Amino acid sequence: MSSPAKPSSQAGQGSAARLSAPNVAIAGVTGAVGQEFLKLLAERDFPIGELKMLASSRSAGKSIDFKGKTYTVEELTEDSFKGVDLALFSAGGAQSKKFAHAASDAGATVVDNSSAFRMTDGVPLVVPEVNPDAVKGIELGKGGIIANPNCSTIIMLMAVTPLHRAANVKRMVVSTYQAASGAGAAAMAELEQQTREVLAGDPVTMEVFPFQYAFNLFSHNSPMGDNGYNQEEMKMVHETHKIWEQPSDATGGRSAITATCVRVPIMRAHAESINLTFEKPLSESEAKALLKDAPGVSLIDDRGDNRFPTPLDASGKDDVFVGRIRRDISQPEDVGLDLFCCGDQIRKGAALNAIQIAELLL
Ligand SMILES: NC(=O)c1ccc[n+]([C@@H]2O[C@H](COP(=O)([O-])OP(=O)(O)OC[C@H]3O[C@@H](n4cnc5c(N)ncnc54)[C@H](OP(=O)(O)O)[C@@H]3O)[C@@H](O)[C@H]2O)c1
């Protein structure tokens, strides 16, 4: 097995002409993220030579239309990646662990949406607006694995990095309000079904989550660690340190981060409440000006009309929406701020971010 980001033995196989329209494979094409990949590739007119649609044996043989052509879904196997330059993976961590190296060894550059390789040394963990330089040295069609961060991490860092660059985040306290779509297509279907059942007075069907989801909320469903934090919460901590290049041996330079992640009965788009302590003073108006100019960020911040970002504002949109930017009155003047943000985690939290990574390589 090759090391994760190592170029494949078939490196250099693809010709320059082919890479102007790379051959693309989507692993997990039938899922929530996979379907969003297709929408975005079409919307952004991403140049594609040949396209392969991959999923489990359950979906093999199904037809999916893309840009006026009908494709047949194939079963994802180790042999799926011959001649593929770019492999977009969203088939779950187990499939990434099983097949991403085979894809890289076959010459495909893998952009992986799962958590399988995010914290692996040598695998870049990338938000294009935050750390685009992390992909330097990786060439499309020459193997290698790049990881897409966790959706909650991406949305948080889109809102906070412009402020961090200006005033250095000393401490960050984040609470999330996470949508059903973050748990995939089946969770969205379960929320819809339960909502109908509750309104009809019927008993609710619980298959994806062990709790009633409609008209309820609960601590994030990822496994709980010994320290009392669930995995989603610890991803937000560890991934931020990696993306901001704050390694564990840094002497005092690491931002202190704590997170509480909660699943709420929203169909699509996560929200996050974020409290920040800065090393240097940063006023409300400076923060607003920085966020107004930040790529991929939109401000909705109208105190008079009580108009701030909502998950519906963000659903189906590329930008992360930020508002409720206010001085934290519990901290000395200008070193503490609160804000609220919403982002479509299937889009910016997953498929869009991955395609933006691929665009860095074109
Ligand atoms: N949803 C989000 O907002 C989000 C955000 C960031 C990252 N992610 C990550 O992206 C991945 C997919 O998430 P999702 O929400 O799209 O899930 P999903 O809707 O449940 O879709 C899962 C996809 O993986 C495929 N798959 C499952 N088992 C497979 C197998 N044994 N072999 C090949 N393909 C298999 C499924 O194919 P079948 O239809 O054939 O079963 C389907 O295409 C996960 O790793 C998730 O953590 C999701």
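We count residues from 1, following the sequence as given. Whatever order the structure lists ligands and atoms in, that order sets their numbers, starting from 1. Please read all numbers here as calculations on a predicted model, not as lab measurements.
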By number and element, which atoms of ligand 1 are closer than 4.0 Å to a non-hydrogen atom of Leu76?
33 (C)

If I apply the N/O under 3.5 Å rule, does Gly31 come out as touching ligand 1?
yes

I'd like to know if Glu245 and Arg254 make a salt bridge, using a cut-off of under 4.0 Å between side-chain N and carboxylate O.
no

Minimum heavy-atom distance between Ile346 and Val33, given as atom pair plus value
CG2-CA, 4.0 Å

Do Asp112 and Ser96 get their side chains close enough for a donor-acceptor pair, meaning under 3.5 Å?
yes

Going by the atom numbers of ligand 1, which of them fall below 4.0 Å from some non-hydrogen atom of Ser59?
38 (P), 39 (O), 40 (O)

Given Thr77, Val33, Thr30, which one has a non-hydrogen atom that is nearest to atom 37 (O) of ligand 1?
Thr30

Counting only nitrogen or oxygen atoms and a 3.5 angstrom limit, does Ala32 reach ligand 1?
yes

Which option, Ala60, Ala185, Gly92, Gly34, owns the non-hydrogen atom nearest atom 44 (C) of ligand 1?
Gly92

So, taking the atom named CG in Leu51 and the one named CD1 in Ile64, what distance separates them when rounded to the nearest 0.5 Å?
9.5 Å

Determine whether the side chain, the backbone, both or neither of Gln345 has a heavy atom under 4.0 Å from any heavy atom of ligand 1.
both

Under 4.0 Å from atom 46 (C) of ligand 1, do we find at least one protein heavy atom?
no

Any salt bridge linking Glu359 with Arg44? Criterion: basic side-chain nitrogen under 4.0 Å from a carboxylate oxygen.
yes

Under a 4.0 angstrom heavy-atom cut-off, which atoms of ligand 1 come close to Gly182?
1 (N), 2 (C), 3 (O)

Flag for Thr176-Glu272: side-chain donor and acceptor within less than 3.5 Å
no

Identify, for atom 27 (C) of ligand 1, the protein heavy atom at the shortest distance, and state residue, atom and that distance.
Arg58 NH2, 3.6 Å

Could you tell me whether Arg303 and Glu284 have a side-chain N and a carboxylate O separated by less than 4.0 Å?
yes

If only side-chain N and O atoms count, and only distance matters, is there a donor-acceptor pair under 3.5 Å linking Asn150 with Glu232?
yes

Identify the protein heavy atom lying closest to atom 7 (C) of ligand 1, giving its residue, its atom name and the separation to 0.1 Å.
Asn113 O, 3.4 Å

With heavy atoms and a 4.0 Å threshold, my read on which part of Ala186 contacts ligand 1 is neither

Residues sharing Leu217's hydrophobic cluster, by side-chain heavy-atom contacts under 4.5 Å among ILVMFWY, directly or via others?
Tyr177, Val262, Val264, Ile266, Phe340

Among all the protein's non-hydrogen atoms, which is closest to atom 1 (N) of ligand 1, and how far away is it?
Ser181 O, 2.8 Å

Starting from atom 24 (O) of ligand 1, find the nearest protein heavy-atom neighbour and note its residue, name and distance.
Ala91 CA, 3.1 Å

Close-contact set for ligand 1 against Ser114 heavy atoms, below 4.0 Å:
45 (O)

In the protein, which heavy atom is nearest to atom 23 (C) of ligand 1, and how far is it?
Ser90 O, 3.6 Å

Closest heavy-atom approach to atom 30 (C) of ligand 1 among Lys98, Gln95, Lys62, Glu74 is made by Gln95

Between Tyr229 and His220, does the ring centroid distance fall short of 6.0 Å?
no

Aromatic contact, Phe218 with Tyr213 (centres under 6.0 Å):
yes

Identify, for atom 17 (O) of ligand 1, the protein heavy atom at the shortest distance, and state residue, atom and that distance.
Gly184 CA, 3.9 Å

Going by heavy-atom distance to atom 35 (C) of ligand 1, choose the closest among Ser56, Gly28, Ala269.
Ser56

Salt bridge between Asp301 and Arg326, side-chain N to carboxylate O under 4.0 Å?
no

Mark up the atoms of ligand 1 that fall under 4.0 Å of a heavy atom belonging to Ala55, in ascending order.
33 (C), 34 (N), 37 (O), 40 (O)

Which residue and heavy atom of the protein sit nearest atom 5 (C) of ligand 1, plus the separation:
Ala350 CB, 3.5 Å

Please check if the side chain of Ser90 supplies one atom and the backbone of Asn113 the other of a donor-acceptor pair under 3.5 Å.
no

